[in-house]
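Have a look at the structure below before the remarks.
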Number of protein chains: 2
Amino acid sequence: MTDHELPTTAYVILGMLRLGASSGYEIKKAVQVSTRFFWTISEAQIYPMLRRLEDARLISGRDAPTGRRRRRVYELTDLGESALTDWLERREPTPFEVRDVAMLKLFFADAVGEDAALDLVEQLRTRSESELRELQGQVQPAEELARSTGNRFPALSLQAGISVHLALIQASDELSASLTRAD
Amino acid sequence: MTDHELPTTAYVILGMLRLGASSGYEIKKAVQVSTRFFWTISEAQIYPMLRRLEDARLISGRDAPTGRRRRRVYELTDLGESALTDWLERREPTPFEVRDVAMLKLFFADAVGEDAALDLVEQLRTRSESELRELQGQVQPAEELARSTGNRFPALSLQAGISVHLALIQASDELSASLTRAD
DNA sequence: CCTAACATGTAAACTGTTACATGATTCC
DNA sequence: GGAATCATGTAACAGTTTACATGTTAGG
């Protein structure tokens, strides 16, 4: 059972509903602060997908306006819950897909002068620093979620992201050093 | 001058031509062994893009069949060269875009049992090990390229990729440990 | 002889983003 | 009163993958 053909985006929505988000808007915000580090989705995907999932009976929705402001909240159905766990338990190839213009530019940096190349390394470092700050800003909320709901994996997976950017910062430093050394 | 509106894929092709690839087929292979770690492109993009770039005079092509087997080789024009360097020198936001189903599953792993969750961590580790092996397999060829052509950034950027996967392997181990500890 | 590698390409489908559009409510 | 946030949505476009299609040549 349970549809095998859902796009990953659908599982993000199912997963976020399970973690307590209820409206499309809340899902959007939750993605922006958490899964964003390894999967992004935009509003233009969320709202149509919510309908699709409701049509497929994986979630059930009801209108819950605040005053005159419309609002529709959803929750997982049993079918949706099992679609989510099936996906999580399904062993499938999960390639590491990165689309990183900064690294790409670094790869081709021989085409430009030393200053420009150093600048690219610097951009790489700065970016990882800011990603790191944002990830670290999520540590406390994630731990709070673990305490209050028992869902501890959001906090745990945060650590993996933090490790990646710490590694990239260190790699950038080593790169700058080896470039300036070889003046 | 030099078109501001080229997709990133176009610069990958320009960059690879600069590094010595000459045909679409060679570009494809070069991408598969090197930039693949931070940017992938498929054949279905390469051949149409080569034409577009030729139309835009950023590259020039000529037929160079081997026997009866057709083959078209390209080289950068001056215009193409400056499009590439302009892109490299252009400071632009380069967000860290990762689409990682494995990490995503880990984020939602509270929905499944301990065994399944440990399995997800294991998958993460195994994947980084195999990525690491492939990256390390590229170290010697990249160093050889540096020696023979003076292009040293392919080898240097490889190190950043290696750091990332070493960090992910370590993070996976720490994750497994903290999960089994908390039996 | 047959397989792997060389070599190029297209059509259809899918995925995803950007920009736009609309309106309500809260907080300063 | 105005800005930020809440809230939902669509249309057009851009980018990408998958599957298919075709043929050559080198090496075992």
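Order of the sequence lines fixes the chain letters, A, B, ..., with proteins taken first and strands second; residue numbering starts at 1 for each chain.
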Q.
Less than 4.0 angstrom from a charged side-chain N to a carboxylate O is my criterion; do Asp110(B) and Arg18(A) meet it?
A. no
**Q.** By ring pair (Phe, Tyr, Trp, His ring centres under 6.0 Å) - contacts of Tyr47(A) (at least two apart)
**A.** none
Q) Do any pairs count as a salt bridge (Lys or Arg N to Asp or Glu O under 4.0 Å) and have a residue in residues 22-33 of chain B, sequence neighbours left out, and if so which ones? A) Lys28(B)-Glu43(B)
(Q) By nearest atom, which of the nucleotides dT8(D), dT8(C), dT16(D) is closest to the Ser23(B) side chain? (A) dT8(C)
Q: Starting at atom CD1 of Ile13(A), determine the distance to atom C1' of dG9(D), rounded to an integer number of angstrom.
A: 14 Å
(Q) Pair Gln138(A), Glu134(A) - check side chain to side chain donor-acceptor pair (under 3.5 Å), show working. (A) CA-CA 7 Å; Gln138(A) 287 308 307; Glu134(A) 286 186 66; over 6 Å; no
Q. Which nucleotide, dA7(D), dT10(D), dC6(C), lies nearest any side-chain atom of Arg51(A)?
A. dT10(D)
Q: Provide, to the nearest angstrom, the distance between the CD atom belonging to Glu97(A) and the P atom belonging to dC14(C).
A: 18 Å
Q) Quick one: is Tyr25(B) getting a side-chain N or O under 4.0 Å of the dC6(C) phosphate, OP1 or OP2? A) yes
Q.
Whether Arg51(B) and Glu54(B) form a salt bridge (side-chain N of Lys/Arg under 4.0 Å from carboxylate O of Asp/Glu) is what I want to check.
A. no
Q.
Can you see if the side chain of Tyr47(B) gets near the phosphate of dT8(C) - specifically, an N or O under 4.0 Å from OP1 or OP2?
A. yes
Q. Between Glu89(B) and Lys105(A), is there a salt bridge with N-O shorter than 4.0 Å?
A. no
(Q) Tell me whether the side-chain N/O atoms of Lys28(A) come closer than 4.0 Å to OP1 or OP2 in dC6(D). (A) no
Q. Taking protein heavy atoms under 4.0 Å as touching, what does nucleotides 17-27 of chain D look like 5' to 3' if B marks base contact, S marks sugar-phosphate-only contact and - marks none?
A. BB-----BB--
